[in-house]
K.L.:
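Encoded as structure tokens, here's the structure I'll be asking about.
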Amino acid sequence: MACWLFKSEPSVYSIDDLRRERRTFWDGVRNYQARNFLRDAIAVGDDVLFYHSNAQPPAVAGLARVVKAGSPDATALDPKHDHYDPKSSRENPIWYGVDIAFVEEFENPPSLETLRGVTGLAKMALLQKGSRLSIQPVTPAECRIVLALARG
């Protein structure tokens with residue numbers, strides 16, 4: 001099993017939303033590298049560190065698990081949707097997403113500042129200058145460290 005970090009602004013979709021809904025299709029990703037992760041690399045059973053970006057403070061808010069592998073993102077086909085892409089079609093889907101399910105919300109979410117101060121996380125993609133991908137791989141060691149911090 002692998003581990004990933006998915007970023008979301010809490011005002012758009014939060015760990016509270018996922019807890020309430022129990023499961024969601026992770027749609028709206030419009031970056032090719034992140035799309036490739038969703039389509040080709042992320043698998044059922046993988047863990048997802050749910051990260052609240054653009055929050056005060058930005059932090060890893062909880063844990064989710066992938067429950068359905070990559071499939072085409074239907075929001076790209078809907079002209080009324082914010083994520084519409086006229087280049088995408090049913091025959092040639094461009095954008096993909098995965099289904100994730102709620103596992104837990106962290107009582108003490110590790111903030112970005114806290115993560116920056118942990119030696120074992122120095123190479124974590126989230127902490128690299130200019131790293132803006134909304135879907136990022138997390139090494140098993142990094143995942144263990146973040147979970148230990150979150151569970152205190």
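These numbers come from the heavy atoms of this one structure, side chains and all, not from hydrogens, waters or symmetry mates.
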K.L.:
For the CG atom of Leu121 and the CG atom of Leu127, what is their distance to the nearest 0.5 Å?
P.N.:
6.0 Å
K.L.:
Begin with the C-alpha distance, continue with both residues' side-chain angles, and end with the deciding distance and a verdict on salt bridge (Lys or Arg N to Asp or Glu O under 4.0 Å) for Arg151 and Glu104.
P.N.:
CA-CA 10 Å; Arg151 293 171 176 158; Glu104 71 179 291; 2.3 Å; yes
K.L.:
How long is the gap from CG on Asp78 to OH on Tyr84, to the nearest 0.5 Å?
P.N.:
9.0 Å
K.L.:
For the hydrophobic clusters of this structure (ILVMFWY residues joined by side-chain heavy atoms under 4.5 Å, transitively), does one cluster hold both Tyr51 and Leu133?
P.N.:
no
K.L.:
With a sphere of 6.0 Å drawn around CZ of Arg23, does it hold more than 12 non-hydrogen atoms of other residues, nucleotides or ligands?
P.N.:
yes
K.L.:
Any carboxylate oxygen within less than 4.0 angstrom of a Lys/Arg side-chain nitrogen, looking at Lys123 and Glu142?
P.N.:
no
K.L.:
Do Ser88 and Leu77 have side-chain heavy atoms sitting under 4.5 Å apart?
P.N.:
yes
K.L.:
Same cluster or not: Phe106 versus Leu18, using hydrophobic residues (I, L, V, M, F, W, Y) connected whenever any side-chain heavy atoms lie under 4.5 Å apart?
P.N.:
no
K.L.:
About how many Å separate CZ of Arg144 and OG1 of Thr139, when rounded to the nearest 0.5 Å?
P.N.:
7.5 Å
K.L.:
How about Asn36 and Tyr96: do any of their side-chain heavy atoms sit closer than 4.5 Å?
P.N.:
no
K.L.:
With side chains defined as the heavy atoms from C-beta onward, is the minimum distance between Asp99 and Thr24 less than 4.5 Å?
P.N.:
no
K.L.:
Would you say that Ser71 contacts Phe25 through its side chain, given a criterion of any heavy-atom pair below 4.5 Å between the two side chains?
P.N.:
yes
K.L.:
Looking only at heavy atoms, which two atoms of Ser53 and Pro10 are closest? And how far apart?
P.N.:
O-CD, 3.1 Å
K.L.:
Does Val146 reach the side chain of Met124, with side-chain heavy atoms less than 4.5 Å apart?
P.N.:
yes
K.L.:
Looking at Arg39, Arg30, Lys87, which one forms a side chain to side chain contact (heavy atoms under 4.5 Å, CB included) with Trp95?
P.N.:
Arg30
K.L.:
Which atom names give the shortest non-hydrogen contact between Gly28 and Thr75, and what distance separates them?
P.N.:
N-OG1, 4.2 Å
K.L.:
Heavy-atom distance under 4.5 Å between the side chains of His52 and Pro109, does that happen here?
P.N.:
no
K.L.:
For Leu38 and Ile42, which heavy atoms make the closest approach, and how far apart are they?
P.N.:
CD2-CD1, 3.8 Å
K.L.:
Check the side chains of Ser89 and Asn92 for a donor-acceptor pair under 3.5 angstrom, ignoring hydrogens and angles.
P.N.:
no
K.L.:
Over all heavy atoms of both residues, which pair between Val29 and Ala34 is shortest? Give the atoms and the distance, please.
P.N.:
CG1-CB, 3.5 Å
K.L.:
Tell me whether Glu107 contacts the main-chain N or O of Gly152 through its side chain, where contact means a donor paired with an acceptor under 3.5 Å.
P.N.:
no
K.L.:
If two hydrophobic side chains count as joined below 4.5 Å and joins carry through other members, does Ile100 share a cluster with Val103?
P.N.:
no
K.L.:
Quick check: do Val48 and Arg65 have side-chain heavy atoms less than 4.5 Å from each other?
P.N.:
no
K.L.:
Using only atom types and a distance under 3.5 Å, with no angle test, would you say the side chain of Asp17 pairs donor to acceptor with the backbone of Ser14?
P.N.:
yes
K.L.:
Is there side-chain contact between Cys3 and Leu49, with at least one heavy-atom pair below 4.5 Å?
P.N.:
yes
K.L.:
Does a donor on one side chain and an acceptor on the other come within less than 3.5 Å for Trp4 and Asp47?
P.N.:
no
K.L.:
Does Ile94 offer a backbone N or O that forms a donor-acceptor pair with the side chain of Arg35 under 3.5 Å?
P.N.:
yes
K.L.:
Hydrophobic cluster membership, with links at side-chain heavy-atom distances under 4.5 Å among I/L/V/M/F/W/Y: are Phe6 and Val138 in one?
P.N.:
no
K.L.:
Rounded to the nearest 0.5 Å, how far apart are CG of Leu149 and CG of Leu115?
P.N.:
6.5 Å
K.L.:
Quick one: closest heavy-atom pair of Gly62 and Ile15, and the distance?
P.N.:
CA-CD1, 4.0 Å
K.L.:
Roughly how far, to the nearest 0.5 Å, is the CG atom of Asp27 from the CG atom of Asp73?
P.N.:
5.0 Å
K.L.:
Working to the nearest 0.5 angstrom, can you tell me the gap between Asn31 CG and Ser134 OG?
P.N.:
6.5 Å
K.L.:
Is Phe102 linked to Val67 within one hydrophobic cluster, defined over Ile, Leu, Val, Met, Phe, Trp and Tyr using a side-chain heavy-atom separation of less than 4.5 Å?
P.N.:
no
K.L.:
Given the side-chain rings of Trp26 and Phe50, with only the six-membered ring counted for Trp, is the space between their centroids under 6.0 Å?
P.N.:
yes
K.L.:
Is a donor on one side and an acceptor on the other found under 3.5 Å between the side chain of Gln136 and the backbone of Leu5?
P.N.:
no
